There are 2 protein chains.
Amino acid sequence: MTKSKESPESAGSEQRRLQMVDIARLAGVSVSTVSRALNGSELVNAETRQRVAELARSLNYSINFGARNLRLQENKTVAVVVPYDARSRQHISDPFFLSIVGAIADALTDRGYDMLLSRVDAERLDQAAHWVDSGKAIGVILIGQWRQHDQLNDMAARKLPLVVWGGEMPQQLYASVGGDNVLGGTLATRHLLQLGRRRIAFFGDAKLPEVWLRRQGYAQALREVGLEVDAALELAAPFEPGVATDVVRQFCQSRRDFDAVFCCSDVLALLASQALRAAGRSVPTDVAVVGYDDMPLAAYCDPPLTTVHQPVAEAGVALVEALLAQLAGERPTLRTMPVHLMRRASAPDVIA
Amino acid sequence: MTKSKESPESAGSEQRRLQMVDIARLAGVSVSTVSRALNGSELVNAETRQRVAELARSLNYSINFGARNLRLQENKTVAVVVPYDARSRQHISDPFFLSIVGAIADALTDRGYDMLLSRVDAERLDQAAHWVDSGKAIGVILIGQWRQHDQLNDMAARKLPLVVWGGEMPQQLYASVGGDNVLGGTLATRHLLQLGRRRIAFFGDAKLPEVWLRRQGYAQALREVGLEVDAALELAAPFEPGVATDVVRQFCQSRRDFDAVFCCSDVLALLASQALRAAGRSVPTDVAVVGYDDMPLAAYCDPPLTTVHQPVAEAGVALVEALLAQLAGERPTLRTMPVHLMRRASAPDVIA
DNA sequence: TTGAAAGCGCTAACAA
DNA sequence: TTGTTAGCGCTTTCAA
């Protein structure tokens, strides 16, 4: 058995956490009554309810959620999982992902849910399921689908409550929320074309669904003016700055036949700008740069970054709503949110 | 009572979560044996243990931690709390705070703890205590002490397991981990002085302990060369970009009698650089800029930011260790970690 | 309007 | 080596 209820505070200082039974004793009622009073049940005398509630408050009592959840078979915790690249041991560091996490935190808090934050190997997104399997969380919000479309489909097939931030894919079974990546790619590219740029490079790893879609938008905008994608102007730069730096530098040094670059993240855009300057080419005069995400710092860079704005706060809400809808029994949904171009100096309407 | 054990799966698809009793029935042993087997107890036949473990694995069973924790009176969840400014409704957005959160996530994961992430009104840091009071977490890691030194002391007096990222204060009862702010201020200022700068502005809200300490280092470095702090060169800029932008712009436009500025965050340094350029002054030629934190993007700005590097990963570990030490019964400790200057182009050794 | 008692899923003391 | 049983702190049915 557990240690018998030792005589009054054996150790003295060792103060046991207050629980309902204590309130009950002090109020001279039963535990059931305390429970009812604290939950605002109609089944308890108004005066008693008042008295118990006040006592609890004055003693700074707060309920043991573990016990409550066990009894009620309920849980208000959501796991938010940020993938990391296992090979480079990169941290969660892209400012955009972190902004999304902040937005989700807000949305969850507003709805009375708690947020368990963790990281997972980007190759093993399926491991995120353990949060639900172990009962620690009721559902999972995953930041980015990476290359694991199939793993995600498997998870959804297992009826795991799951929402992924990312792009819409063919044959997708899991719920997702994402920006309109095709539109984003189109807006960015059209803008550069309107500036008179014709040799527009594309930086981003098209094996990732979001990047793949942005590339479609890019290709479409080129086609609108009768241009084709030039494979020589594409660079499969990853999102992790550590890994991307070298390839970006190399590209900027070796290839000079481009007058603009569309980068699939703001961080990449910063890297590119730096590499271009290092190669003796000015931004935006020689090469105009457009980023993606509109991270909080984008406006404060030099030159301030023209970039595709993603609606972060709304995305947080949408992700949470999509998860709660599944928990309420609805089927997983795909949602695409509008994006727009933030025009700043890195790809200015009029070249200074 | 709870709903009686309805006849075989009333709803059909509605699959109840697997629990020990299921494994026990299938393995033909008692629940205790399953429990023992899964916990690797010596008290169970090796063969049985093997069989049960395999069965559990094949069925994808995972334990209900809520129940386990309740029974064991244990909990491996830590609350990480990021304050926000209630007036401006600012998000967690400073990249440095977010990096720290990432580092803490790693450190906790490595030690088998889960992380509950939440935000709290910077005026009411004491509300972070509810995570522990409610049993949802065993301790709190707070990112920044802000102006609430007294609230934090009260929490510590209540024996709340708590560690704060921030500066050491007189009469401090709560545990803290922080960078060596005085040293950081000194290094930054000395560097600027060595470049021949003499009119060095200070951007940061000295009501915050960390900034206060950095200002001491700044003042000390000035004194070393026979200079005094000039109140006219101080700007109480807050950390939130939204709020800071205006005051920084105004300062940079109105006051021209400074040739360097020491900013208490990298974001502030970016803001300042932009405001200076807008006012027609070049960085670093006219005004050298030094930031603080060495956020991941600092190296990719233009010009790359000279800044005081804070050891983020080590800080995450130190915060977690400090909390675990308290949980093991040790007294709260104050810890200061070394910082160093990252020399980059915003305050170059040789002016180009 | 209240209290007694059962039980959420698990662990461990005790008995066999 | 295994099973039986009590109980972690809470909610709720049932009886009073």
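Keep in mind the model is a prediction, meaning the values are calculated, not measured. Numbers restart at 1 for each chain; the letters A, B, ... are given by sequence-line order, proteins then strands.
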Self-check item: Nearest-angstrom distance from the residue atom NZ of Lys136(A) to P of dG9(C)
Solution: 18 Å

Quiz item: Which sits closer to the 5' end of DNA chain D, Ala67(B) or Thr48(B), going by the nucleotide each is nearest to?
Solution: Thr48(B)

Exercise. Look at the side chain of Asn64(B) and decide which nucleotide, out of dT1(D), dG9(C), dT2(C), has an atom nearest to it.
Key: dG9(C)

Quiz item: Between dT2(D) atom C1' and Met20(B) atom CE, what is the distance in whole Å?
Solution: 15 Å

Quiz item: Closest approach of Leu117(B) and Val82(B), non-hydrogen atoms and distance?
Solution: CD1-CG2, 4.1 Å

Self-check item: Results of salt bridge (charged side-chain N to carboxylate O under 4.0 Å, His left out) for Glu314(B) - residues two or more places apart only
Solution: none

Practice problem: Name the closest nucleotide to the Leu72(A) side chain, picking from dT11(D), dT1(C), dG9(C). | Solution: dT11(D)

Self-check item: Separation of dC8(C) P from Arg17(B) CZ (nearest whole Å)
Solution: 14 Å

Quiz prompt | Sub-4.0 Å heavy-atom contacts from residues 55-63 of chain A onto DNA chain C, ordered by number | solution = none

Practice problem: Output the residues of residues 21-40 of chain B in contact with DNA chain C, where contact means a heavy atom of the residue under 4.0 Å from an atom of the strand; sort by number or write none. | Solution: Val31(B), Ser32(B), Ser35(B), Arg36(B), Asn39(B)

Quiz item: Side-chain contact, heavy-atom cut-off 4.5 Å: Val78(B) with Leu116(B)?
Solution: no

Quiz item: In whole angstroms, how far is the C1' atom of dG9(D) from the CG atom of Asn75(B)?
Solution: 14 Å

Expected list for residues 134-145 of chain B: side-chain donor-acceptor pairs under 3.5 angstrom, two or more places apart:
| unit_1 | atom_1 | unit_2 | atom_2 | d |
| --- | --- | --- | --- | --- |
| Ser134(B) | OG | His130(B) | O | 2.9 |
| Ser134(B) | OG | Trp131(B) | O | 3.3 |
| Ser134(B) | OG | Lys136(B) | N | 3.4 |
| Lys136(B) | NZ | Asp114(A) | OD2 | 2.9 |
| Gln145(B) | OE1 | Gly167(B) | N | 2.6 |
| Gln145(B) | NE2 | Gly167(B) | O | 3.1 |
| Gln145(B) | NE2 | Tyr174(B) | OH | 2.9 |

Practice problem: Please name all residues satisfying side-chain contact (heavy atoms from CB on, under 4.5 Å) with Gln171(A), sequence neighbours left out, ordered by chain then number. | Solution: none

Quiz item: Restricting to pairs with a member in residues 55-67 of chain B, which pass salt bridge (charged side-chain N to carboxylate O under 4.0 Å, His left out), not counting sequence neighbours?
Solution: none

Exercise. Could I get the full list of side-chain contact (heavy atoms from CB on, under 4.5 Å) partners for Glu330(B), not counting sequence neighbours?
Key: Ala325(B)

Exercise. Measure the distance from CZ on Phe65(B) to C1' on dT11(C) and round it to the nearest whole Å.
Key: 14 Å

Exercise. Kindly say if Arg71(B) contacts the phosphate of dG7(D), meaning a side-chain N or O under 4.0 Å from OP1 or OP2.
Key: no

Exercise. Side chain of Leu43(B) only, please: which of dT2(D), dC10(C), dT12(D) is the nearest?
Key: dT2(D)

Quiz item: Taking five pairs at each end, how big is the angle between the two axes of the helix from dT1(C)-dA16(D) to dA16(C)-dT1(D), to 10°?
Solution: 50°

Quiz prompt | Inter- and intrachain pairs under salt bridge (charged side-chain N to carboxylate O under 4.0 Å, His left out), touching residues 319-329 of chain A, at least two apart | solution = Arg111(A)-Glu321(A)

Exercise. Report the distance from atom CD of Glu74(A) to atom P of dT11(D), rounded to the nearest whole Å.
Key: 10 Å

Could you give the side-chain donor-acceptor pairs of residues 35-42 of chain A under 3.5 Å, partners two or more places apart or in another chain?
| unit_1 | atom_1 | unit_2 | atom_2 | d |
| --- | --- | --- | --- | --- |
| Asn39(A) | OD1 | Arg68(A) | NH2 | 3.3 |
| Asn39(A) | ND2 | Ser35(A) | O | 2.9 |
| Ser41(A) | OG | Leu43(A) | N | 2.9 |

Quiz item: For Thr109(B), what residues pass the side-chain contact (heavy atoms from CB on, under 4.5 Å) criterion, not counting sequence neighbours?
Solution: none

Quiz item: Asp106(A) side chain to Ala103(A) main-chain N or O, any donor-acceptor pair under 3.5 Å?
Solution: no

Quiz item: For the pair made of CD in Gln73(B) and P in dG9(C), what is the distance, rounded to whole Å?
Solution: 19 Å

Quiz item: Can you tell me how far P of dT2(D) sits from CD of Glu42(B), to the nearest Å?
Solution: 12 Å

Quiz item: Closer than 4.0 Å, any side-chain N/O of Gln19(B) to the OP1 or OP2 of dC8(C)?
Solution: no

Self-check item: Residues which pass side-chain contact (heavy atoms from CB on, under 4.5 Å) with Ala315(A), listed by chain and number, not counting sequence neighbours
Solution: Ile100(A), Trp165(A), Met337(A)

